[in-house]
Enquirer: 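Provided herewith is a single structure, encoded as structure tokens, for subsequent inquiry.
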Amino acid sequence: MADFIGMGGHGLYVWLAYGIALAILLLNVVQPLRQTRQLLNQQARRVRREKGLS
């Protein structure tokens, strides 16, 4: 198992690359969800504000 993780002395670079790739993939999922929620909240505030003015 140690040989698998160490990967012949290149383990740090390989696992770091996997970690960075995973982080980027997660951001590609999470960021649009956050932006959608923010947009919906802004629209709801706008609608409430417009209802209050009329």
Side-chain angles (χ1 to χ4, degrees):
M1 189 63 166
D3 287 336
F4 174 72
I5 293 173
M7 295 189 181
H10 300 288
L12 174 66
Y13 306 109
V14 171
W15 293 113
L16 189 59
Y18 277 127
I20 291 170
L22 181 61
I24 290 170
L25 288 173
L26 287 174
L27 282 173
N28 282 334
V29 171
V30 170
Q31 193 63 21
L33 294 174
R34 290 181 62 204
Q35 288 176 345
T36 301
R37 187 175 348 132
Q38 183 181 13
L39 176 65
L40 291 174
N41 287 338
Q42 287 174 351
Q43 294 298 322
R45 280 195 306 267
R46 187 178 64 83
V47 167
R48 285 193 304 267
R49 185 175 59 239
E50 288 177 358
K51 281 185 179 180
L53 293 176
S54 20

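Not measured: the values here are computed from a predicted model. Heavy-atom basis, side chains included; hydrogens, waters and symmetry copies ignored.
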Enquirer: How would you list, by chain and number, every residue that makes a side chain to side chain contact (heavy atoms under 4.5 Å, CB included) with Asp3, sequence neighbours excluded?
Expert: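 Partners of Asp3 under the side chain to side chain contact (heavy atoms under 4.5 Å, CB included) test: none.
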Enquirer: Running the 4.5 Å side-chain criterion over Ile, Leu, Val, Met, Phe, Trp and Tyr, what cluster does Leu33 land in, apart from itself?
Expert: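 Taking Ile, Leu, Val, Met, Phe, Trp and Tyr as members, Leu33 shares its hydrophobic cluster with Val29.
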Enquirer: How does the hydrophobic cluster around Met7 look, that is, which other residues are in it when side-chain heavy atoms under 4.5 Å mark a link?
Expert: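 Its cluster partners, ordered by chain and number, are Met1, Phe4, Ile5, Val14, Trp15, Tyr18.
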Enquirer: Tell me, please, which residues at least two apart from Arg46 pass side-chain hydrogen bond (donor to acceptor under 3.5 Å, both in side chains).
Expert: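 Expected list: Gln43, Glu50.
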Enquirer: When rounded to the nearest 0.5 angstrom, what distance separates CZ in Arg45 from CG in Leu40?
Expert: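 Reported value, rounded in 0.5 Å steps: 11.0 Å.
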Enquirer: Under 4.5 Å side-chain heavy-atom separation, chaining through any Ile, Leu, Val, Met, Phe, Trp or Tyr, what else clusters with Leu22? Say none if it is isolated.
Expert: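 Joined to Leu22, directly or through intermediates: Leu26.
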Enquirer: Using a side-chain heavy atom cutoff under 4.5 Å and only I, L, V, M, F, W and Y, what cluster partners does Ile20 have?
Expert: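 Direct or chained contacts put Ile20 with Leu16, Ile24.
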Enquirer: Name all residues meeting the side chain to side chain contact (heavy atoms under 4.5 Å, CB included) criterion together with Gln35; count only those two or more places apart in sequence or in a different chain, and write none if there are none.
Expert: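 Once residues adjacent in sequence are excluded, the partners of Gln35 under the side chain to side chain contact (heavy atoms under 4.5 Å, CB included) criterion are Gln31.
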